[in-house]
Amino acid sequence: MCTFGKSKKDPHEDYYLSLVKGIKEFDLRALSVPSDLVLIGDHAFPLVMNSKGQAFMAASLYGSGRIVVLGHEDYLTNFPVLVENAVTWLRGAGSDNLSVGVHTNVKAVAENLKGFKPEVVEAFKEKPGVGVYVTDAYNVGADTKDLVKYIKNGGGVLIAGQACQWASHNSKDNTLHTFPGNTVAGVTGIYFSDDPGEREVIPVHHHIPTAKTSIVFGKNFTDDMQFLLQGVPEFEIRHGITCSELLVHGRLSFPIGATGANQVFLAAGYYGQGRIIVASHEGLLKQENMSIFWKNALLWLDEGRQGIVGVENDKARKILSQSGLKCEKTGFKAGLSVYVSPSDIKNGDEIVEYVTEGGGLLVAGHAWWWGYTHKELNVLVDFRGNQVLNRMGISILGKTVSSGTYKAPNPSTAIEDMYHFRYLLYRFAGSVMSGVKLLKKEKDWLQKLSIDCTTFLEIMAYDSSSFTQVVSILTYIFKDTGLPKVSEHHPVKTPEERVLLTLIAAVYNAASDQDSLKCCFPKNDTELPAVYDQKLKIDVDTAGAMEWMSTGLYLSPCMGTILTVPKEIINKGWKIQIGCHTDFIKCNELKRAPCVHEQFPIKSEIMMVQNLWGGLLYLLVPPKTKVNGMEIKVETAVAAPYFKQGVTTEAEWEKIRSLPAPWAELELENIILTVPSEVIRDLEYPVGLVEYWEKITHAMADLAAIPHKFSRKERFVADVQIAYGWMHAGYPIMIHKSSAHDLVHRYKDKGKGLWGPIHELGHNQQKSCWEFTPHTTEATCNLWTVYVHENVMGINRGKAHGALHPDNRKKRMDEYVKGGRHLNSWNMWTALETYLQLQEKFGWSALKKVFEAYHTMTNIPKDNNGKMNLYAVTFSEIVQMNLTEFLKAWGWPIVADTETKLSSLPVWKDHPMVQYD
C-alpha cells in the first residue's frame, strides 16, 4: 500500500534534537567499552549509534514519563552537555521542578549540573518528589517497582551502565530480565545487552540515527529453546486444524515451530519485563500430544513465580493444568502470572502494560478467517490481535499453514538452522553491500525474505524503533547497490537481484527519504511532459464483476498525483489503480519486477496516490454500480494515447496517437486492447480494427448464446513478462509484448488467423456447469477458436491450427483407443475431438442450443461424473438422438439412469468411434 502524502517523520525527532543540542560528535575511542543497547519499544529511539548499528545511548517514553539510557556509567561524566540536555528533557515540557536526585555511586553528576537543585542520595526512596532521578544501572534492584511507577506517573530517569562485565560474572542469569538496570529500562523498551559495543567517533546528525546494516538479535535464545523444547521431538498440527502463518520480526522474538517451507506456527519473545508465546491456532492448546510443550511453555512464561494461569477454555485448561501451575477459568484480570488469550486480543492496552511490567502472555488463535471475512482490511494492521502483537515482534498473518507433523528444531543451533526474518535480513544486507557469501540454504530462503519484508513494511509504524530501523536498513541497501538493471533483453537471474526487484516498491513507499531512491530509474522514464487538472466524466453501468475504467492518463515512475472524487463513491468499493500489469511474476529470471501495480481503496474526497513503477491510471468500479455524469479531477498526470469507439473522432485520433505515455489503449465495443504506444503510432483511424473485433466478438457471443454486447468488456494487456504461458485468460487476458502488434494490425492480413488471443477469449466463455476439469480446460475453449476462424476469418479448422489437420486428428484417436480410452488421457486436443465430432454431425446450432440450455439450469452436479451425464442428457435431448453409445466409446462414465432417460430416443449408431468397435 502506497503512502504518498502520509507523514513518515519519526515523532521522536524533536526529542532527539533537544537531547543532542550543542554536540557535534561523540568520540568513544578512548573510553570504556559500552553495552550495545537493544531497542524494541514503540517509543524508544537511539541517540548514538555506531556504523554497525549498535546503539550506546537511547531514550524512551513510558506512560507519562521519560527515560535516558547510557551504555556505560562513565558517559555521565564524559559528556556533561548530554547529561544537562538529558536532565532538562527528562523534567518534561513546562515543568518547573529543578530537584534532581543523584545516586551516591554517580555523585559526580551532581557536581557538574548547573541550573538545577541536585541532591546525592543512597536510594530512590529517600528522595520522593524529585523531577529527575540519576543512577547507575547496578543499584536499582530495591527501587525497581518504585522507579517504574515513578516514570509511568510522569517522572524522568537517567540511568547508565554496561551489562557485559556483569554477565561474565552471572553467566547463568538471563541478562534481559535479571541485570538490575534492565528491571527498569527494559520496561521502557531499552535493554542493556551483554554484547560489547565497538567504539568509534560518531557524528551527531540532524535526524535520529539509523543503521546501515541489519541489527540482528538482542539475545542468544539457546537457553530459551532448550527449556521450551525439553522432551519435545516434534510438533503435530492435526487434520482439521488450519493454522495461520506467523511473521517473527522482533529483535527479541524467535520461532519455535515451523514447517519444512519455513512457515512459523509457534513463536516466542521478550517484551519489557514479560514474555510471550504465540500459537497460531487455538486448537493446538487442546492437543494432548502437545502437553509436554505446553507445560514447558507455561513454566517459561511464569518464570518461577508459581502464580495463577488465567484461561477461559475448559479443554485447554485441562491440558495446561498438567504444568503443575494453578489454571483458573477466568478472563484477564490483575494478579495473573500468565494469561492465555485468544488471538483477537481484548483489553489491548491493559495486556501490553501487563506484559511490559512482567506478565506472561500465551496467545492462541488464527487470523486467516478474519482476513477472509474482512477482505477490505489489512490483517497485519487492522486485526485487533496484531495491534498488540506487532509491538511485541510477532504478527499473525492471513496465510495458512497445512496440517502435518514437523520436527522440532535443534535447541543449540535453532536460530542458525531456522529461517528468521531478522537474521536473514542481516545476512542479505551483508551479501549485497559487503560481499558476504550466503549459504545455499540462505539463498533458498531469499524469496521468502522478500515476501516477509514486503509484509512487514505494511505495518507503517513510524513511532516504532523496530520498524524504522528495518526501513532504514533496506533504504541503505538500495542507496548502496541501486536497482538491478532489468529489461526484456537483460533479465535478472540471481536470488539477490530478485529480492531487490521485489522489495524496491515496498521500500520506496515506506522510506522517509523517497527522493534518494528515485535515482534507481532512468530520467527519460520520469520526465515525460505532464497535463494538469484533468476532469474525467464517469458514466458506468457494471454487471456482476469489478471493472477497470480507463482514464487515458498515465503516471511516470515515482510520480504522485491527487484525485478529487465525489462523496457518493467514498467507502463504496471503488478503487484507484496505477498500472495495467497486474500479473505477479514468480520466475527465476525476471524481465521486470514481480509486482508493478498499486491499488488504493477510495476512502476520502482527496486521494493522494503514487506508484514507484508508474503506469496507466484506472478507476476500479465495483459490481452492480450505475453512475451517470459523475466527475473526478486528476491534478497531475501524463496524457496517454486512448481511443474509444463512438467517442474519439478521426481528427482527435491524429493528435492522440502521438501522446507521450509509453502505453496506449484502444477501447472497442467488447474489447479493450492495452499495448505499447509504438504499436499504435502509425495506426490510421481504426475503422477496420473496430469492424474486425466486432465480427469476432459477435461471433463468440452467438456461439455462447449471449447478447452481442458483452456484460463486461474483455481486456487484453501486453507485458514484457507474464505469470505463466504464452498467453493466459482472465481479466485482463495477458499476452507478451511480441503479440501486441497482431492484436492491433492482424485485421489487415486477410487469410491469417489469430488463434492465441481467441483461445484465451474462449477460456473466458467457459462455465463450470459444463466444464469437466481438468480434462476440458484446454479443450472446450477452442470451440470458440475454431468457430471464429471458420465463420469470421474463413479459415478451415485444419489450416487454423496444425493440431486439427485431419491426419493429426486421426492419429490422436487411434492412440487414445489403443491406450484404453481412459479419461486420464482425455484432455486438450483429444477431448476437443469429442466435441468436434458432435459439431460435425449436428452443426454449430446444436452447440449453441446446448450452451443456451445451461443458462437457466439449476441444481447442477458438482462432480465430473454427474456433470458429464447431465451433458449427455442435455445434448441428446436437444438433437433428439441418444448419444450414450458415442460418449461411452470415448470413455465417458455414463450411468444406467442416463441410459434409461434417453432410451426413447434413436441411438446414434454410425458415430465416428464405431470404427474402433
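All values below were derived from every heavy atom in this structure, side-chain atoms included, with hydrogens, water molecules and symmetry-related copies excluded.
In terms of modelled atom types and a separation under 3.5 Å, the side chain of His72 and the main chain of Ser35 share no donor-acceptor contact. With hydrogens and angles ignored, the 3.5 Å screen pairs a side-chain donor or acceptor of Asn50 with a backbone N or O of Glu198. The closest donor-acceptor contact from the side chain of Gln263 to the backbone of Thr400 lies under 3.5 Å. The backbone N or O of Val184 lies less than 3.5 Å from no partner atom in the side chain of Thr144, so there is not a single donor-acceptor pair. Of the possible donor and acceptor atoms, none in the side chain of Glu303 sits under 3.5 Å from a partner among the backbone N and O of Gly274. Looking at Gln162, its side chain does come within 3.5 Å of a backbone N or O of Cys164 through a donor-acceptor pair. When atom types are taken as modelled, the side chain of Gln287 and the backbone of Glu236 share a donor-acceptor pair closer than 3.5 angstrom. A donor-acceptor pair under 3.5 Å links the side-chain atoms of Ser253 to the main chain of Met392, judged by distance alone. In this structure a side-chain-to-backbone donor-acceptor pair under 3.5 Å is present from Asn182 to Phe192. Proximity of a side-chain donor or acceptor of Asn347 to a complementary backbone N or O of Glu350 within less than 3.5 Å is not detected.
Listed by first and then second residue, the ring-ring contact (aromatic ring centres under 6.0 Å, His included) pairs involving residues 305-329 amount to none (not counting sequence neighbours).
The side chain to side chain contact (heavy atoms under 4.5 Å, CB included) test applied to Asp136 returns Asn105, Val106, Tyr138, Asn139, not counting sequence neighbours. With sequence neighbours excluded, the residues satisfying side chain to side chain contact (heavy atoms under 4.5 Å, CB included) with Gln322 are Glu288, Ser291, Ile319. The side chain to side chain contact (heavy atoms under 4.5 Å, CB included) search around Ser64 returns none, not counting sequence neighbours. Listed by chain and residue number, Asp302, Leu325 satisfy the side chain to side chain contact (heavy atoms under 4.5 Å, CB included) test with Gln306 (two or more places apart in sequence, or in another chain).
To the nearest 0.5 angstrom, Leu298 atom CG is 9.0 Å from Ser321 atom OG. Separating the CD atom in Glu282 from the SG atom in Cys243 is a distance of 9.0 Å, to the nearest 0.5 Å. The distance from the OG atom of Ser472 to the CE atom of Met49 is 7.0 Å, given to the nearest 0.5 Å. Between the NE2 atom in His177 and the CD atom in Gln273 there is a gap of 5.0 Å [rounded to 0.5 Å]. Considering CG of Leu229 and CG of Asn410, their distance stands at 9.0 Å, rounded to 0.5 Å. With rounding to the nearest 0.5 Å, the separation of CG in Leu380 from CE in Met460 is 11.0 Å.
Scanning both residues, Asp194 and Ala167, for their nearest heavy atoms gives CB-CB, 3.4 Å. Heavy-atom minimum distance, Gly398 versus Val379: N-CG1, 3.9 Å. For the pair Ile40 and Arg251, the tightest heavy-atom approach, listed with the atom from each and the gap, is CG2-CB, 4.3 Å. Between Pro409 and Ile256, the closest heavy-atom pair is CD-O, 3.1 Å.
Proximity of Ile451 to Lys399: side-chain heavy atoms (C-beta onward) are separated by under 4.5 Å at one or more points. Contact annotation: the side chain of Ser244 never approaches that of Leu397 to less than 4.5 Å [non-hydrogen atoms, C-beta and beyond]. Ser60 has its side chain within reach of Ile67: a pair of non-hydrogen atoms, C-beta onward, lies under 4.5 Å apart. Proximity of Phe235 to Met290: side-chain heavy atoms (C-beta onward) are separated by under 4.5 Å at one or more points. Looking only at side-chain heavy atoms (C-beta outward), Asp143 and Thr135 stay at 4.5 Å or farther from each other. Side-chain contact between Trp166 and Thr175: present, with at least one pair of heavy atoms (C-beta onward) separated by less than 4.5 Å. Proximity of Leu285 to Asn313: side-chain heavy atoms (C-beta onward) are nowhere separated by under 4.5 Å. Between Thr468 and Phe45 there is no side-chain heavy-atom pair separated by less than 4.5 Å.
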Only distances under 3.5 Å count here; give the side-chain donor-acceptor pairs of residues 359-372 to other protein atoms, sequence neighbours excluded, each with its distance to 0.1 Å.
from, atom 1, to, atom 2, distance (Å)
Trp368, NE1, Thr242, O, 2.7

### Task
Verify side-chain contact (heavy atoms from CB on, under 4.5 Å) between Val311 and Val338, making sure each step is shown before the conclusion.
CA-CA 9 Å; Val311 55; Val338 179; over 6 Å; no

### Message
Would Leu228 and Ile277 count as a side-chain contact (heavy atoms from CB on, under 4.5 Å) here? Give the steps.
### Response
CA-CA 10 Å; Leu228 288 164; Ile277 290 178; 3.9 Å; yes

### Verdict with supporting geometry, Leu449 and Glu442, side-chain contact (heavy atoms from CB on, under 4.5 Å)
CA-CA 10 Å; Leu449 174 68; Glu442 292 172 334; over 6 Å; no

### Task
List the steps and the verdict of side-chain contact (heavy atoms from CB on, under 4.5 Å) for Leu336 and Thr330.
CA-CA 10 Å; Leu336 294 176; Thr330 180; 4.3 Å; yes

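Taking the six-membered ring wherever Trp is involved, the centroid distance between the rings of Phe383 and His374 does not fall below 6.0 Å. Two rings, from Tyr354 and Tyr339, have their centers 6.0 Å or more apart.
Relative ring orientation between Phe124 and Tyr150 is described as tilted, the plane-to-plane angle lying within the 30° to 60° band. The aromatic rings of Phe265 and Tyr406 sit tilted relative to each other, their planes meeting at an angle between 30° and 60°. Taking the six-membered ring where the residue is Trp, Trp445 and Tyr419 present perpendicular rings, their angle passing 60° and hence far from 30°. Ring planes of Phe456 and Phe467: tilted class, angle from 30 to 60°.
When the shell of 6.0 Å around CD of Glu328 is examined, it contains more than 12 heavy atoms from other residues, nucleotides or ligands. Counting heavy-atom neighbours within 6.0 Å of Lys318 NZ, excluding the residue itself, gives a total of 12 or less. More than 12 non-hydrogen atoms from other residues, nucleotides or ligands lie less than 6.0 angstrom from CD of Glu312. Around atom NZ of Lys219, more than 12 heavy atoms belonging to other residues, nucleotides or ligands sit under 6.0 Å away.
Considering Asn390, Thr455, Asn386 in turn, Asn390 is the only one that fulfils the side-chain hydrogen bond (donor to acceptor under 3.5 Å, both in side chains) rule with Ser395. Among Lys152, Lys145, Lys149, the single residue meeting the salt bridge (Lys or Arg N to Asp or Glu O under 4.0 Å) criterion with Glu357 is Lys152. Phe221 pairs with exactly one of Trp300, Phe254, Phe227 by the ring-ring contact (aromatic ring centres under 6.0 Å, His included) rule, that one being Phe254.
Taking the ring centre of Tyr15 as origin, the terminal cationic atom of Arg66 falls inside the region bounded by 6.0 Å and 45° from the ring axis.
Between the side chains of Arg422 and Ser466, a donor-acceptor pair is found at a separation under 3.5 Å.
Using a cutoff of 4.0 Å between basic side-chain nitrogens and carboxylate oxygens, Arg317 and Asp314 are scored as salt-bridged.
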